[in-house]
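Everything below concerns the one structure shown next.
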Amino acid sequence: IPIERYRNFCIVAHIDHGKSTLSDRLLEHTGTISASDGNKQILDKLDVERERGITVKAQTCTMIYRYAHDGHDYLLHLVDTPGHVDFRAEVTRSYASCGGALLLVDASQGVQAQTVANFHLAFAEGLTLVPVINKIDLESADVGRALEQIEVAFELDPTKAVKVSAKTGVGINGILPAVIQNIPPPVGDPNKPLRMLLVDSWYDTFRGVVLLVRVFDGQVRAGDKLVSFATGNQYTVGEVGIQYPNQVPQTTIRAGQVGYIFFNPGMKRIQDAKIGDTFTNVGCEGVVEPYPGFEEPKPMVFVAAFPTDQSHYQKLADSIGQLVLNDRSVTLQKDSSEALGAGWRLGFLGSLHCSVFQDRLRQEHGADVIITEPSVPTKLEYADGTELVITNPAEFPEPSEDHRMRSAKIFEPVVRATVALPEDYYGKVIELLEAARGTNEGIEFFGNQVIMKYEIPAASLVDDLFGKLKGATKGYATLDYEDAGWRESDLVKLNLLVNKVAVDAIARIVHRSQAVRLGRAWVEKFKQHVSRQMFEIIIQAQAGRQIVARETLKPFRKDVLAKLHASDISRRRKLLERQKEGRKKLRAVGNVVIEQSSFQKFLSK
Ligand code: GTP
């Protein structure tokens, strides 16, 4: 099949508008999978995706389609894109490998936040968009409204829209002709040196890292020697092929095609497969222009994890290592806390990404792991211009320790959020966004839908803004966001003090206006989970230099040890032995001994 008869496309949609269902239907329609397979949602391969019903990684599938109009066979690559905003870098890379996209809108819901955000991304990549209105079988479907919205919001021609039900199959046969007519074929020269973009990668126990690639120029076959522009590493190709829908080896993949490759010997570390990297033939580095820039995954949300019992450290280390192996966007480093012992600090792209990981860790380790509250980075700019980005709140310098802090500027990361909702909830949502320290950047009404743009601190997102939005709108609001840099902010470090000693792992950087409320909540909650001891325990919250909340835990009325006579050796020994058993799970904060489980309860919701 010549390159003029290739089409590479993806589906741009809000979550749940039916992208996976439509993909399945197209694969059936072209005979790539059989309808009786029960092979639902073939493209969602990762377990997490199945568990949560979301697409996290980009997948792709090749289809061969006989176009009735000219009687020719076409080679179609459907690239599935991640459905969630945390994975925006991956979305952009998937778009880069396509010539166009189906803009899929649920007829009963209309245009939503991610429809808008993904439209802008796809448009910026220069993709040709074909509107598709889905779920026309639903009673609540309002096709007219959806058509009007795509015209108003995206300036797309509503007469070009294909109306379908991905569920029943109605209208499906109109989609591929629209793809062939409207989406341009890829351009590229199979006779030039190789120019190949890395779109996605995953780890395979037997083959090492498998790469999903788009070949722009040249061709690639087993035995070729390739070099990565990003790392300079050289590899020998072991196998190339297409996903049809499973991996089917080919002798070559050529300019214009999307396929998989792996090396021999295999690539060992997923971190060496940088999404957006360009590969070429060894020796052609000088003549081939790499694809512009790749983005290192930039973690936005951090947590620390500690074993409840330090003797389980290795077990936990192994399973964190396993989880990280297949997810190059998690950053991992060792951490240690005076209160919680040795552990790890993990960085994630966003809060969903973080919570998926936390869920898995908790599923596997239950009571054996303590996970701290998610935090976002903070940037300090000293008077002399030096900058410092802090990802561990415990490392935020106190003004008493670092005199430069007095004149330092403090910045927090902000995001540009797009929120879509029915007009009825408008007032409530504005209140919520203001409380989240957002600044309004524009509002658009169309029909009974409102689309608002707000600049919001990333810390508010991590603080479950999405959950709150859903709560305030009976589940109707949708949210999307993109990174918007740093904003200067009045932040302080909030410490929890136990008998004057700070519990390092619990510290958080918060906005000054929230310090008192949060500090009170902390001390009350901590008091509930700490057992009484022989002496009085004072629990305080400290914001900067100020104590903002305090609770006191009274000692036991009777001091058991005091009653012991010094000569009563056997009783004393018994007591000490009993203590030793428990010691593994106990930590000392200053002179106060605290059970690990107290921290765990304190940190759980
Ligand atoms: P993500 O992968 O999470 O982005 O979701 P998605 O956009 O792939 O949505 P998915 O295909 O999983 O569909 C979401 C829900 O809508 C499922 O329960 C589907 O069965 C249902 N659905 C999809 N298409 C149609 C349709 O045409 N009509 C009706 N009634 N339901 C549909």
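Only heavy atoms go into these numbers, but all of them, side chains included; no hydrogens, no water, no symmetry mates. What you see is a predicted model, and the numbers here were worked out from it, not measured in a lab. All ligand and atom numbering here is 1-based and tracks the order in the structure.
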Seminar exercise, completed: Within 4.0 Å of some non-hydrogen atom of Gly18, the atoms of ligand 1 are 6 (P), 7 (O), 9 (O), 10 (P), 11 (O), 13 (O), 23 (C)

Exercise. Which atoms of ligand 1 sit under 4.0 Å from any heavy atom of Ser165?
Worked result: 26 (C), 27 (O), 28 (N)

For this session: Report the member of Glu139, Lys167, Lys135 with the shortest heavy-atom distance to atom 15 (C) of ligand 1.
Result: Lys135

Exercise. Crowded around Tyr476 OH? As in, over 12 foreign heavy atoms under 6.0 Å?
Worked result: no

Problem set entry | Plane angle bin for Phe445 and Tyr426 - parallel if under 30°, tilted between 30 and 60°, otherwise perpendicular | perpendicular

Problem set entry | salt_bridge(Arg437, Glu455) N-O dist < 4.0 Å | no

For this session: Give the atoms of ligand 1, by number and element, whose distance to some non-hydrogen atom of Lys19 is under 4.0 Å.
Result: 6 (P), 7 (O), 8 (O), 9 (O), 11 (O)

Exercise. Does the distance from a Lys or Arg side-chain N to an Asp or Glu carboxylate O, for Glu28 and Arg25, drop under 4.0 Å?
Worked result: yes

For this session: Could you list the atoms of ligand 1 found under 4.0 angstrom from a heavy atom of Asp137?
Result: 26 (C), 27 (O), 28 (N), 29 (C), 30 (N)

For this session: Could you list which atoms of ligand 1 come closer than 4.0 Å to a heavy atom of His17?
Result: 7 (O)

Problem set entry | Check: Tyr74 ring centre within less than 6.0 Å of Tyr6 ring centre | no

Seminar exercise, completed: Note: ligand 1 atoms sitting under 4.0 Å from heavy atoms of Leu138 are 30 (N)

Seminar exercise, completed: In terms of its nearest heavy atom to atom 11 (O) of ligand 1, the top option of Val170, Val164, Thr21, Ile133 is Thr21

Exercise. So is Ile15 polar-close to ligand 1, meaning N/O to N/O under 3.5 Å?
Worked result: no

For this session: Output every pair passing ring pair (Phe, Tyr, Trp, His ring centres under 6.0 Å) with a member in residues 136-177, not counting sequence neighbours, ordered by first then second residue.
Result: Phe119-Phe154

